[in-house]
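Written out below as structure tokens is the structure these notes cover.
On a predicted model such as this, the values are computed, not experimentally measured, just so you know. Hydrogens, waters and symmetry mates are skipped; everything else that's a heavy atom, side chains included, is used.
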Amino acid sequence: MSRVTRKVCEYCNRAVGDLSCREVKLGWYCLMRGLVMDDSKLIHPTPEPVGRDEQKIIDEYAPLIADAERLVDARLAAFTAAQNAHLSALLECARTGTGTGRWHVVGVNEDLDVPWGRRKRLSAREQQRLIDAEEAAREAFEAAEDALVREKQRLTRIENRYGMLRSRARDQDRAAA
């Protein structure tokens, strides 16, 4: 009596068949593991060569985009510093129990609870100095935020224009070829 060996899946040891584990175009389909792709069977897209018109657009806009990204990074650093300064001023006002008007810190933490004795230690001049410092920090924070938003919008406009012109130049290069 001869023994017939059946082919089994190398991942789950099930019998190979049409309704079970099987070979597919992209590799192997296992009922337990799912699709296991075979890199040798994948067809990777070949990049389209960059044409003359498209290269002109790339050369023109690459320094503009790099400068705009550098400005956005600088504005983001200034925004972060202004935000930290404003939060520090708010926390100091909250610790001393000084009201600041529009902004205030909600004390969730025990560190922000204001002892009544400390409130009375500040003179009116010191409280006004704290309020003025918080207002100045808030104005610097809002100015830094506006500058950051403007620079991000400028970068987006440059990138959108670059994408549109590059696409148009690519179409012209295809038509010329």
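Remark: Asp146 pairs with no residue by the salt bridge (charged side-chain N to carboxylate O under 4.0 Å, His left out) rule, at least two apart or across chains. Residues satisfying the side-chain contact (heavy atoms from CB on, under 4.5 Å) criterion with Asp18, sequence neighbours excluded, are absent altogether. Taking the salt bridge (charged side-chain N to carboxylate O under 4.0 Å, His left out) definition, one finds that Asp73 meets it with nothing, sequence neighbours left out. With sequence neighbours excluded, no residue forms a side chain to side chain donor-acceptor pair (under 3.5 Å) with Asn84. With sequence neighbours excluded, no residue forms a salt bridge (charged side-chain N to carboxylate O under 4.0 Å, His left out) with Arg168. With sequence neighbours excluded, the residues satisfying side-chain contact (heavy atoms from CB on, under 4.5 Å) with Glu23 are Trp28, Lys41. Remark: Lys7 engages Val16 in a side-chain contact (heavy atoms from CB on, under 4.5 Å) (not counting sequence neighbours). In this structure, the side chain to side chain donor-acceptor pair (under 3.5 Å) partners of Arg170, at least two apart in sequence or on a different chain, are Glu54. When the side chain to side chain donor-acceptor pair (under 3.5 Å) test is applied to Arg75, no partner is found at least two apart in sequence or on another chain. Qualifying side chain to side chain donor-acceptor pair (under 3.5 Å) partners for Glu151, counting only residues two or more places apart in sequence or in other chains: none.
Proximity of Leu71 to Arg150: side-chain heavy atoms (C-beta onward) are nowhere separated by under 4.5 Å.
More than 12 heavy atoms of other residues, nucleotides or ligands sit less than 6.0 Å from atom CZ of Arg22.
Taking Ile, Leu, Val, Met, Phe, Trp and Tyr as members and joining any whose side-chain heavy atoms lie under 4.5 Å apart, directly or through other members, Met32 forms no hydrophobic cluster with any other residue. Hydrophobic side-chain contacts under 4.5 Å tie Val24 into a cluster, directly or through other members, with Leu26, Tyr29, Leu31, Leu35, Met37, Leu42.
Using modelled atom types, one side-chain atom of Thr156 and one backbone atom of Lys152 make a donor-acceptor pair closer than 3.5 Å.
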